[in-house]
Amino acid sequence: MSSCAANFCENNRIRKQHDDKTTYFNFPKDEFLRQKWLEFLGEKNFSVNCRNKYLCENHFRSEDFEEIIGLRRKQLRLCGAAVPTIRFGTTSIGTIGVLSPKKRKSESDDTTDSCIQKKKIALDLDIKPVISEKTTEDVTIEDTEKTEKIEVESAKSPIPEESTKIATDINSTTSDDNDNVPIAKLLLNEIKKKFFEEYRQAKLQIKKLSPEEIVDINRQLMKTIPLLENEKEIAVYGPDEKDLMLARVTKILEMKREKIDELQHELKQKDLKIQEMATLLNKKQEKIVEARKSMETITHSLKQLREIERKNLDIRLRQTLKCCFSETQIASIMNAAEVNSSKQQQRQLKWNSNEIQNAFTIRCFSRNCFIYLRNKLNYPMPTVNQLRSFVQKSYHQQGLLTDVLKIMQICELTMFDRDKQCVLLIDKIPVKMQYEYSEEVDEINNLYDSMNCIMVQGLCSNWKQIIYIDFNQALTCEIIQEILIELQKINFSVIAITTKFDNEIESIWKQNKISCEKPYFEHPITKKPVYFFVCPKFLLNSIRNEFVDGGFAISDQCSITKEPIREILKLLKHNETISIRLTDEHLMKQSIGFDCKMSYELISENIGIISTENEELNNGIIQIATIFTLFNDWFDLSMTKLTELTDENMIMMQTMEKISPTKLNYGDQYEEDQNIILDGMFDTIANLRCIRDNNIANFQIAIMLTISSLRRLLKYSQENLQIQSLATERLSNNSLDEFLINFEARIHANKLITPTNLFVKFHNTIVDEANKNSNYDTLTNQILKLASLKTKRLILKKPIRIENKDSKNIKEENAREFLVKFLMEKLKTDFDYLCVQETHNERTNEFEQEEIILPSSIWIEQSKKLEMFFEKTFNVNENKVNIVSELTESCAENYSEIPREIIENYMKNRLIIFINNINEKLNSNILHENILK
């Protein structure tokens with residue numbers, strides 16, 4: 001049931017007791033009219049919500065309504081500009097402009113209102129009507145009766161057609177289409193309201209006036225308004241005085257109507273002008289939009305032209321600069337030319353090995369020149385850190401180290417031809433490595449148990465360099481020939497190869513038909529001989545092991561064994577005056593490694609010294625002492641260090657009482673004496689037979705081949721290289737063995753190491769050699785010193801772990817349960833179905849609840865599928881690249897309902913757990929083996 005919004009109205013919700021058939025009206029949508037309605041209610045806040053508020057019909061005047069005819073009962077509708085004005089009382093409305101009979105009678109009885117209305121008519125018509133001197137209090141019954149009679153007579157007299165025509169004309173004129181200008185509409189409605197008010201008041205008051213009052217008003221009207229055309233024949237005082245007055249009022253209203261028409265015409269003209277201005281404005285706006293579009297197209301085309309021009313300019317610049325600069329240098333120049341370029345962009349440029357090589361060359365020739373070119377002249381070159389990083393990363397690869405060859409090519413520029421004659425040293429060491437997952441290339445590095453290492457060193461100068469690293473790779477002729485070719489390309493000539501003797505070397509000898517008569521093969525490029533040598537340390541250890549294991553047979557009746565040495569050991573225990581010390585360990589068989597100290601102490605001239613000092617020893621000791629002295633002289637001659645025969649050295653040698661030719665370089669003035677030792681060693685080894693199998697051992701053949709190669713190499717060097725003597729230590733693996741001993745100490749014999757950390761420790765071993773201030777250093781360290789760059793050790797890389805502190809102790813059987821919780825916490829924001837929340841009451845207080853996040857049943861089922869797929873598909877022995885991506889792809893094809901991101905995270909973390917577990921097993925097995933040993 002609706003109610004009136006006015007607090008003072010009897011139809012308000014508070015006062016309303018029953019539903020009378022009162023009409024209620026919504027507040028207008030127009031802001032101006034809505035403010036007028038709110039002002040009527042006394043509301044100061046015009047922004048109040050009026051959506052569900054109403055005003056009843058009692059607050060509007062009768063002319064504010066329009067009657068809707070055609071229905072069974074009459075309905076009321078407010079005019080467009082109706083404003084509430086009646087604050088007290090109620091008004092029942094009948095037809096438009098006519099009050100109901102009951103109200104009409106009550107209104108005629110109200111003499112007070114009649115007097116007020118008379119004054120209002122006079123004021124509106126700009127006259128001073130003669131009103132009876134009687135006040136509202138002095139009104140008598142006679143006056144009321146007179147007014148009732150006048151009212152009845154006026155009701156009988158018809159209303160002039162002109163007045164009704166004015167009303168209809170005004171109604172028609174005000175109904176013009178002025179929707180485009182709401183303000184003009186409001187003005188017309190106000191004028192219309194005022195006109196109807198004046199007309200109604202005049203009409204009502206004329207009915208209420210007495211004849212004397214009408215005559216007085218007509219007299220006043222005659223002074224202000226000229227006579228009407230039909231008024232000339234009408235008497236001043238007569239029965240038609242009331243009609244005359246109504247005609248004059250109608251005339252006044254017509255004059256006002258003309259003014260209204262003029263104003264309306266002006267409004268129409270202004271509306272037309274406004275419409276013209278609006279159309280003009282629309283056209284101008286359209287032109288502005290078109291101009292903006294054309295400007296945007298022009299700007300876009302200009303940008304495209306500039307981009308094309310810039311690209312063409314870049315192409316022309318690159319073509320111009322290509323003859324003088326490399327691609328990275330051109331990119332550095334182009335980046336430096338840009339306004340927004342930064343130093344970080346310059347540092348992120350990837351320089352190739354040739355560009356690094358050129359920068360190193362400049363830096364090695366002159367450090368100041370490098371700084372001047374790069375910093376002052378802005379010549380595009382790598383930074384100092386990039387040069388150092390290039391050297392550090394040169395060892396982080398398998399196979400032939402091409403970056404190291406670039407560094408050697410720089411060093412070659414400052415070497416003489418004699419310094420470029422080099423020897424290739426080949427060795428193999430056992431390594432204990434573990435599985436490693438490389439996240440960068442998405443690859444698993446398999447286990448390796450051996451490492452091949454090849455070093456090249458100068459024959460006549462103090463330099464060395466490792467150029468080849470590989471794992472579980474058999475050494476072949478193809479690998480050796482590739483190394484010889486690459487070294488020859490940078491002007492380094494290999495004239496000798498030194499190895500240990502094993503099955504791989506034996507197959508290479510057979511393939512190249514190496515023998516004592518032909519201990520060399522032709523260089524693949526120069527076609528010059530390349531001689532084979534076997535490391536003297538290896539051969540000396542082989543002699544000792546064979547002697548300890550069974551001994552040698554000189555002839556059918558004569559042999560040498562370790563039994564006479566045992567008598568010497570007993571003698572040494574009881575005779576403390578003998579300075580030479582031998583123990584039982586010297587007679588124990590040991591593995592052939594890098595160290596030959598025990599072999600050198602046993603196979604020496606010490607046995608001969610002991611036999612001469614103790615005559616009670618048998619002849620077997622004398623034979624052993626003779627042969628061991630020969631072996632010792634041969635070993636010393638095979639391990640002579642590089643010494644230059646300067647005048648000072650010659651004088652020092654002449655002052656010495658006795659100079660052993662085995663301590664000097666092979667060649668020069670002691671060559672004949674040295675050849676006697678070599679011939680004696682060759683013949684002795686050729687006649688010895690191993691008692692164990694009554695045959696010549698492989699190491700005996702290696703000794704004879706090494707002696708043959710040494711004599712031929714000296715002759716070749718004297719004839720072709722102008723080298724008169726050889727430092728035979730350069731023909732041994734001594735320098736490579738020293739490096740590998742230090743390297744093995746770093747990688748720990750009882751602990752597994754990852755391939756990445758193995759390369760790091762390999763580099764750090766090389767760096768530590770430079771810190772010893774040794775003259776005999778690798779070329780990579782030498783070039784850093786030459787370029788005034790400090791060598792830096794690398795930091796070990798930690799193995800990849802799951803980002804969880806509890807991931808270290810995860811076993812294979814608990815992997816799935818761990819990953820379910822781990823991935824739920826990690827991915828629950830992106831995939832909310834992975835978890836569910838449950839509330840549990842605490843035992844101490846039933847009212848306190850605790851929320852627990854648990855894996856959902858859907859996620860648990862999906863994890864079971866992923867675990868089953870991983871166990872069936874993954875094989876650790878397959879060394880594949882992109883292993884996680886391949887597992888993800890194949891799993892996504894089988895289980896399309898599982899999101900790809902979840903599959904990828906599960907496979908990656910599951911792989912890490914598997915690798916960690918298998919590495920722990922390998923470490924425990926190695927510890928067990930060491931304990932058993």
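The basis for the numbers below is simple: all heavy atoms, side chains too, and nothing from hydrogens, waters or symmetry mates.
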For this session: Would you please indicate yes or no on a ring centroid separation below 6.0 angstrom for F492 and W463?
Result: yes
Exercise. Using a distance-only test with no angle check, is there a side-chain donor-acceptor pair under 3.5 angstrom linking T728 and S638?
Worked result: no
Exercise. Using a distance-only test with no angle check, is there a side-chain donor-acceptor pair under 3.5 angstrom linking Q457 and S735?
Worked result: yes
For this session: Check whether the side chains of T662 and D633 place a donor and an acceptor atom closer than 3.5 Å, and report yes or no.
Result: no
Exercise. When the ring planes of F471 and F759 are compared, do they come out parallel, tilted or perpendicular, using 30° and 60° as the limits?
Worked result: perpendicular
For this session: Could you please spell out the steps behind the ring pair (Phe, Tyr, Trp, His ring centres under 6.0 Å) verdict for F538 and F501?
Result: CA-CA 8 Å; F538 174 83; F501 191 80; 7.4 Å; no
Exercise. Are any of the side-chain heavy atoms of C558 and Q623 separated by less than 4.5 Å?
Worked result: yes
For this session: Tell me whether the centres of the aromatic rings in F547 and F628 are closer together than 6.0 Å.
Result: yes
Problem set entry | Sub-4.5 Å side-chain heavy-atom contact between D737 and D427 | yes
Seminar exercise, completed: The reported gap from NZ in K528 to CD in Q488 (rounded to nearest 0.5 angstrom) is 8.0 Å
Problem set entry | Check: N781/T778 side-chain N/O donor and acceptor closer than 3.5 Å | yes
Exercise. Which heavy atom of F739 sits nearest a heavy atom of T765, and at what distance?
Worked result: CE1-CG2, 3.5 Å
For this session: Flag the pair F631 / T626 as yes when at least one side-chain heavy-atom distance between them is below 4.5 Å, and no otherwise.
Result: no
Problem set entry | Approximate separation, where rounding is to 0.5 Å, of I707 CD1 and R712 CZ | 13.0 Å
For this session: Examine the side chains of Y670 and D668 and answer whether a donor and an acceptor come within less than 3.5 Å of each other.
Result: no
For this session: Could you check I565 against L587 for side-chain contact (heavy atoms from CB on, under 4.5 Å), going step by step and ending with a plain yes or no?
Result: CA-CA 8 Å; I565 305 296; L587 296 179; 3.6 Å; yes
Problem set entry | Audit row: V530, I495, side-chain contact (heavy atoms from CB on, under 4.5 Å) steps and yes/no | CA-CA 5 Å; V530 178; I495 60 174; over 6 Å; no
Problem set entry | Note, N632 side chain near Y600 side chain (heavy atom, < 4.5 Å) | yes
Exercise. If you look at every heavy atom in I918 and I915, which pair is closest and at what distance?
Worked result: CG2-O, 3.2 Å
Seminar exercise, completed: In this structure, OH of Y666 is separated from CD1 of I677 (nearest 0.5 Å) by 10.5 Å
Problem set entry | Intermediate values then yes/no, side-chain contact (heavy atoms from CB on, under 4.5 Å), R544 and M598 | CA-CA 9 Å; R544 173 178 170 272; M598 302 287 286; 4.2 Å; yes
For this session: Kindly give the heavy-atom pair with the smallest separation between L459 and R730, and that separation in Å.
Result: O-CG, 3.7 Å
Exercise. Does T526 use its side chain to pair, donor to acceptor, with the backbone of H523 at less than 3.5 Å?
Worked result: no
Problem set entry | From R711 atom CZ to K715 atom NZ, the distance as rounded to the nearest 0.5 Å | 10.0 Å
Exercise. Has the side chain of T498 got a donor or acceptor atom that lies under 3.5 Å from a matching backbone atom of L731?
Worked result: yes
Problem set entry | Neighbour count above 12 (heavy atom, 6.0 Å) for N503 CG | no
Problem set entry | Side chains of I479 and Q473 in contact at under 4.5 Å (non-hydrogen atoms) | yes
Problem set entry | Exercise: do K537 and N733 side chains pair donor with acceptor under 3.5 Å | no
For this session: Could you walk me through whether F521 and W509 pass the ring pair (Phe, Tyr, Trp, His ring centres under 6.0 Å) test, one step at a time?
Result: CA-CA 9 Å; F521 69 96; W509 285 7; over 10 Å; no
Problem set entry | Non-hydrogen atoms of I543 and I603 that approach each other most closely | CG2-CD1, 3.7 Å
Exercise. Which heavy atom of L714 sits nearest a heavy atom of Q724, and at what distance?
Worked result: CD1-O, 3.6 Å
Exercise. N512 and C477: which non-hydrogen atoms are nearest, and at how many Å?
Worked result: ND2-SG, 3.1 Å
Exercise. So how far is it from F635 CZ to S732 OG, rounded to the nearest 0.5 Å?
Worked result: 8.0 Å
Problem set entry | Qualifying side chain to side chain donor-acceptor pair (under 3.5 Å) pairs, either residue in residues 403-414, two or more places apart | N354-K406, Q357-Q409, E412-K420, E412-N491
Exercise. On the ring face of Y395, is K393 found with NZ or CZ under 6.0 Å from the centre and within 45° of the axis?
Worked result: no
Problem set entry | Donor-acceptor contact below 3.5 Å, side chain N919 vs main chain Y435 | yes
Problem set entry | Steps toward side-chain contact (heavy atoms from CB on, under 4.5 Å) verdict (I508, F532) | CA-CA 10 Å; I508 292 173; F532 269 101; 4.0 Å; yes
For this session: Find the distance between NZ (K518) and CG (L705) and round it off to the nearest 0.5 Å.
Result: 10.5 Å
Problem set entry | Sidechain-backbone polar pair: Q674 side chain, P661 backbone, donor-acceptor under 3.5 Å | yes
Exercise. Looking only at atom types and distance, does a side-chain atom of Q700 sit under 3.5 Å from a main-chain N or O of L688, one as donor and one as acceptor?
Worked result: yes
